[in-house]
Structure formats: structure tokens, C-alpha cells
Amino acid sequence: MPLFRNGRFEDDDWQIPAGDAPLPASGKVAVPKARFLAEREALRGRNAPVGVLLTAGDTLDDIVPDLPRLGLVVISFPKYADGRPYSLARLLRDRHGYVGELRASGDVLRDQVALMLRAGFDALDVTHAGTVAALREKRIVAVRHHYQPASAEASETRPDPRPWRRVSAALS
Amino acid sequence: MYRYDEFDRTFVQERVAEFRDQVARRLSGELTEDQFKPLRLMNGVYLQLHAYMLRIAIPYGTLSSRQLRLLASIARDHDKGYGHFTTRQNLQFNWIALKDVPDILDKLAGVEMHAIQTSGNCIRNVTADHFAGAAADEAADPRPYAEILRQWSSLHPEFTFLPRKFKLAVIGAPNDRAAIQTHDIGLQVKRDETGSLGFAVYVGGGQGRTPMVARKLRDFLPEADLLAYCEAVLRVYNLEGRRDNKYKARIKILVHETGEAAFTEAVDAEFAALKGKALTLPADEVDRIGAYFASPAFASLPAQSDLYERAVKTDPAFARFASRNVHPHKIPGYGIVTISLKPTGQPPGDATATQMEAVADLAAHYGFDEIRVSHEQNLVLPHVRLDDIPAVFEALRAAGLATPNAGLVTDIISCPGLDYCSLATARSIPIAERLSERFADLDRQHAIGELKIKISGCINACGHHHVGHIGILGLERKGEEFYQITLGGSGDQICTIGEIVGRGFSSGEIVDAVETVIDTYLGLRTSPQETFLAAYRRVGEAPFREALYAAAG
Ligand code: SF4
């Protein structure tokens, strides 16, 4: 699946085993939260970064202690109109100081891309062909001027002394 | 009023460009109607029974004459020559071609207006007291806070896909003219013992099929914490609100199902983490926004106007207008004028392009260029010299806008109902029109006194029937429309949900039934000063039920 990360399409260097499939012997691996909790010790012993897959509706409570060691958190949007992943992303970034890759998967559509980036996602797992094309061809038209601080402070500028105004970089 | 700077202008232009791109993708077929729906809703475009409807935001119901004139020109150029003011202080055009919408939005942007978040499952246009800045009973002007909330909630990246729509309302007076306790968040600006400003915060009110009065979560939230607290409430709602059933998705259900104590605890925990950080309101920013709402240059005038008093004495029509449609102003020598959009037999809230222009002229000439839209679907000139009110009355009369019925039985709130709305189960506008005809006699209306009738065309309750002194809900059974009556509802500071009196009435019976209720009230009130609501609260529903159903057995 095309992975849009840090503003461009890149190869995915993470492995996500399907279902209960055994973990690959080496390399970066990410597993669903339930499996992560069940196999936490074994995963900790691996010699490579580990990630967790969340879905809308999951809570963060039981993985908070692990966040400093995680290299990837994927949050899946079951439907793009399900807004819970935005709050999860903001909590990860702002509340828990998570600095690893934060990836949106599932129903990732072009009209939401700008919102996802502001909520703290820095990677998008895109399956929708129109969205892939729009991102590749830099055809995404989005609002860049914002009235509220969010979770992309590092990549946004402040246009004037007003406390909440932010401007994000162009998507295209 | 608030004025855009370069940043605000760019924001709105970018949003228009984004929506233009979305419309183009829909028209080219790249987006299906299903995919397009949430996108268009977020920008106020509905698909109604017969056409697209465009709902334009009028933040906290405040307009300048230039803005109202532009709305008139859109009515003329893109609609059928009229517009409809809504219970959310917005304006709807009911006959719009989708392909015209981006151009209409461009025109709106030219007068600092837009249609952002007038629908969809996001934070909607913030409403406020329509007498803000003018009312004699005001502790502080709610508009600066409404504007701060408007900005913060505009395209908020976290709260654009909530479980359901989310409505905020702000007042600054103890008398609640904006029905804040029926909102998802209702705020009352107030001062504490030390004179500091803050808010009473009500959460979880709502109408619809499960009406609920909001709970007071905070008696005094310090001013600086406004946004942090709202963000905390919204985050808890976004994460925890139900998404499995759209009729259980509003925050009122979450508060109800979680329980007030547990819900408050969750909000407080979130608030504790957000408080004192990026969202704290700096005093100078509150002042900067507040300066836009500074009082106009009022003249120093005697409290009484001879001209006004003489007109009251000599012209009975003016006297009637003055008694209902002029409210006390905080500045001596001024009055607040309500322009009724409820003439006899017309759909409540409609105004023609010519009428909008007439009101714009009056505001420019007599009213410091300010117009307000009330949630009761009327217009307001908030600052008029008492000396000028007779002339304003004459001009309104010429425009067909001088109906002296503010707050009376024909000042009816009605949703669009089956004439426009695809969700409706019954017609509501024709019922409003027939009631307005039945009670057209002005002497009779004034004798009945304060009485709010509110009509909804389905259980979604957009016509606020739950908080009508007399509420009417249009339903459908076996292909027949019928109407259920609720009594004793009220959206003011003593917020109450009306009680259903009994079985419903057919379309043919409903107007007679309302008349029976009113005649019953007239027969039992202790004096003409005892309003319908006061009398109902004293005697309860029994006498009304008896009068309505006794004959039928
Ligand atoms: S109450 Fe029902 S009929 Fe009336 S506008 Fe709302 S959804 Fe439509």
C-alpha cells in the first residue's frame, strides 16, 4: 500500500503480520494492541523497533508506559467520518509526548489529509486511488490558515502575535 | 462588530477554493453523492425535497447593512427573491443550484461572510443573545466570547467529525434570550464577588426525540479557561459519544448515560491537563476582540422622548407596536426594535429581498448600521433613538414589516416541515399560517399576551416545540398527518420541557385545539398580568386536558 510519509511517497519499512501469523525473525514489526499487550515481553526482547496498531474506539491507558519505546503507532479510521482517531492522535502527541511515527490507515481520503496532519499524524497509509493520485500530483486544495493550535506545532508558523493563529505548509 | 483582517480573509478564501474543488469533483462524477454529502454539509449545503439549500452563517446573529444587502442580492440573483431566517440565527436559501454555490460563497467572502459549519457533525455556528450590547439587564457583552469561540471552532482539526452536531450559545444577562440550556454547551457570562468575569457552564441540553435540559457543570469558570474547558468537553464527547445510533449520538445522551458525576469527572480530568497551556485566553486578546464590539457613539439623551410619547398617545397602531416590539435599552433615550418576520398568514422567518434592503436602509440610517437575527426568527435593530422609532415604524409599515406581535401568539417559531424538509413527517408552515390567521385580530392577540407557540414537522424538533409554551409536533400515522400538543415548555432561564397533553389532533382539528387551550387559559388566569406560562405552572395540565378531550369522552 502506498505510504505517504514526511510529505512524499516512501517504501514501508514496517512489517505488519496478518492475524496470528508468527512474527518475522527480524526487522521492524507492528502488531494490534491486544497482541502487543499479550506478547509485550517477547516484543521487548526483539532487536528492532516495535509498533502498535490501534483503531478508533481504543483507549491509550494501557500502552502509555510503552510509548517512549514505540517506533510506530498506527490508528485506523474505520470510516472517515469517525473522528475518534483525531483525538487519540492529539493525546498521543500532546499529552503523552509520543514522538515516533504516527500513521493513519483505513479510510484516509484527500479531504481529510490536512486535518490528519494537524492532529499529529505524520504518515498516511493510503488505499484510495483518487487520494494517491491527488497527493502524487500535488492537487490537494486545503485551508492552510488555522485558528487554533493543534498538534503540528513544529511544522506550523505563527503569522502574527495573535496567540492561536497558525499557518501550515502547502500540501501541493 | 468583528471585522476581518488579512488572515481572516485568506482563511475564508482558502475555504471557498477548497469547496469549489469539492463541487467540481462532484459535478464531474469523481465524487458520488454519498462521498460528497459530508463535505457539502460541512459547508451548509443540504439536499432538500426539491432543490439544494444553502445555509449561510450569521455569527451570533449579527449583521451590517452591507451584509444584509448582499444577502438580498443573492436572494434575487440565485433564489426566488426571498430568504429564510432560522432558529440558529442563520439564513437559508431554499432554491439554489449547486453549480452556483462556489460563486455565492465568493460573494459572501467579499462581505466577510461564509457558510462554514452551518451543518454537519461539527461545531455549528455559535449563537448569542440578540439583544447583546443593548439590553438593560446585561452583565457583560457575550459577543466577544462568541467570536473567540467561533474562531477556535472554525475547521478545528480534532472536532470536524463528531458523533453528531454540536451547538454552543452564549448570553451575558440573567434573562436568557438564547435558550442556552437547550444547547450542547450553554454559557452565561457573569461576574463573581470580586468582579472578575467568567462563565456559568451548562452542558448536555438538547431537543430532538429525547429533549433534555442542560446540566450546570460549572457555576463560575474563569474567563481565561473558556477554550481549554470547551476543548475538554469536546474531547470527552468526541472519544466517548455514541456513534452506533444517530438518535443517541448527541452529548446529552452521553451525559445522561454516563451520569452527571462521572461525566463531570471525565471533563475535569481532561480540563486539568489542558488548563494553563496553549488555549488560555490572554487578557489582551480578549480586549483586542472586545474592542470590535465597543458600544457605538451613543448620544446623551433624556430618558423620555416627547416625540415617542406623543406617538404612543395619538397613534394606536404605534402604541401597539411600542408595547410589544420596543424593548428597554441600556442607554437612556434609546430603544431596541424588534422587526417581526411573522405577518399574518406568512411562513415564519421569511423575508423578501426588498424587505432585507428596507431593513438595511433603516439600520444604516437610524441604527448604527447594526442588525441582529433572533433565534425566534425575527430581525432586531438594537440601537435606535426613541425619537426615531416613530419614523422607523412608518418605514417598516411601508415594507410590510411592522406587525406588532413580538412575543405574542402569532410570533410563531416553525421549522420548514414537509414543504421543504426531506425528514419531515408532517407540514408545519401551513399550521403556522393558519394559526396566524385564526389569531390575526390584534386586540385579541394583545389581550392574550405573552405566548410562544413553536412547531416542528418531525421528532427532530428543529421548531423547538419542546420549549414552546404551546408546542406542536407534526407526526404521521397511516399516511395521515396529525399533531401532538405539549404545554408548559420554556427555553428561558427556567428551562422546562413541555408535557404532552394527550392524543394528537388531525390537521383539520389542530387550530381549534390550540384555540381551546388559549380560551381555557383566558378563563382561568387570575389577571391579565398572569401569562399563559405562569398560569400553566400554577394549575398544571388538568384543566387543559379536560377542555381538549372532555367533549370526545
Ligand atoms: S423538525 Fe423535522 S421536519 Fe422540521 S426541519 Fe427539523 S428535520 Fe425537518
Side-chain angles (χ1 to χ4, degrees), chain A residues 56-60 77-91 94-96 107 109-112 114-121 128-130 133-134 139-153 158-168 170-172, chain B residues 5-22 24-25 30-31 35-39 42 116 120-122 148 150-163 227 231 234-241 243 270 273-274 277-282 284-285 288:
Chain A
D58 276 340
T59 58
L60 301 175
F77 286 75
K79 291 190 300 221
Y80 79 85
D82 188 332
R84 290 175 291 183
Y86 295 101
S87 286
L88 290 177
R90 295 207 61 200
L91 285 171
D94 296 358
R95 183 72 40 82
H96 303 300
D107 212 5
L109 300 179
R110 63 191 273 179
D111 295 291
Q112 285 72 51
L115 299 172
M116 291 176 180
L117 298 179
R118 291 210 78 216
F121 290 101
H128 182 258
R139 278 193 287 106
I140 293 202
V141 183
V143 176
R144 290 177 47 210
H145 288 66
H146 314 294
Y147 281 109
Q148 60 293 104
S151 304
E153 292 286 81
R158 300 185 178 209
D160 59 32
R162 307 280 85 84
W164 304 298
R165 290 179 172 181
R166 299 289 185 274
V167 179
S168 51
L171 270 169
S172 48
Chain B
D5 64 12
E6 202 44 43
F7 182 96
D8 301 303
R9 259 190 293 281
T10 311
F11 171 83
V12 171
Q13 282 160 1
E14 285 179 342
R15 180 67 184 112
V16 175
E18 184 178 55
F19 192 66
R20 189 181 284 281
D21 177 63
Q22 291 166 346
R25 280 185 277 141
E30 185 183 331
L31 288 174
Q35 293 167 325
F36 181 55
K37 185 176 170 189
L39 301 177
M42 231 166 277
I116 297 169
N121 293 336
C122 50
I148 287 169
R150 180 191 76 82
Q151 295 190 13
W152 160 78
S153 62
S154 289
L155 304 188
H156 196 299
E158 184 178 351
F159 305 133
T160 296
F161 295 98
L162 296 168
L227 295 184
E231 189 141 309
L234 261 301
R235 182 169 291 163
V236 169
Y237 172 55
N238 189 42
L239 285 169
E240 306 294 337
R243 291 173 187 266
E270 197 55 47
L274 290 167
K277 303 211 173 114
L279 289 170
T280 304
L281 298 190
D284 57 352
E285 182 63 8
R288 185 185 79 86

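Remember, it's a predicted structure, so these values are computed and weren't measured experimentally.
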I'd like to know if [X] pairs up with [Y] as an ion pair, taking the criterion as any Lys NZ or Arg NE/NH1/NH2 lying under 4.0 Å from an Asp or Glu carboxylate oxygen.
| X | Y | answer |
| --- | --- | --- |
| A/R90 | B/E231 | yes |
| B/E14 | A/R144 | no |
| A/R95 | B/E270 | yes |
| B/D21 | B/R25 | yes |

Quick check on [X] against chain A: is it the side chain, the backbone, both or neither that has a heavy atom closer than 4.5 Å?
| X | answer |
| --- | --- |
| B/Q13 | neither |
| B/E6 | neither |
| B/R20 | neither |
| B/S154 | both |
| B/R243 | side chain |
| B/D8 | both |
| B/L279 | both |
| B/F159 | side chain |
| B/N238 | both |
| B/Q151 | both |

Practice item. Quick one: which of B/R15, B/E30, B/Q22, B/R288 has the most heavy-atom pairs under 4.5 Å with chain A, could you say? Key: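 With the most close heavy-atom pairs to chain A, the winner is B/R288.
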Exercise for review: Quick one: which of B/F11, B/F7, B/W152 has the most heavy-atom pairs under 4.5 Å with chain A, could you say?
Suggested key: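 Highest number of heavy-atom pairs under 4.5 Å: B/F7.
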Exercise for review: Anything under 30° is parallel, anything over 60° is perpendicular, the rest tilted; go ahead and classify B/F161 against A/Y86.
Suggested key: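 Aromatic pair B/F161/A/Y86 classed parallel.
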Do [X] and [Y] have side chains that get closer than 4.5 Å, going by heavy atoms?
| X | Y | answer |
| --- | --- | --- |
| A/L91 | B/L239 | yes |
| A/F77 | A/Q112 | no |
| A/R118 | A/R166 | yes |
| A/R165 | A/H145 | no |

Exercise for review: For each of A/A81, A/A142, A/P149, A/S87, tally heavy-atom pairs with chain B at distances under 4.5 Å, and name the one with the top tally.
Suggested key: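 Max contact count across the listed options: A/S87.
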Exercise for review: With a 4.5 Å cut-off on heavy-atom pairs, point out which of A/L115, A/D111, A/D160 contacts chain B the most.
Suggested key: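 Most heavy-atom pairs under 4.5 Å with chain B: A/D111.
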Review point. At a heavy-atom separation under 4.5 Å, does A/D94 approach chain B through its side chain, its backbone, both, or neither?
Key: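 Interface part for A/D94: neither.
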Point to revise | Side chain, backbone, both or neither of A/E153 within contact of chain B (heavy atoms, under 4.5 Å) | key: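 The answer is neither part of A/E153.
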Review point. Does A/Q148 offer a backbone N or O that forms a donor-acceptor pair with the side chain of A/H146 under 3.5 Å?
Key: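 Not at all, since once roles are kept as given, no pair shorter than 3.5 Å links the two residues.
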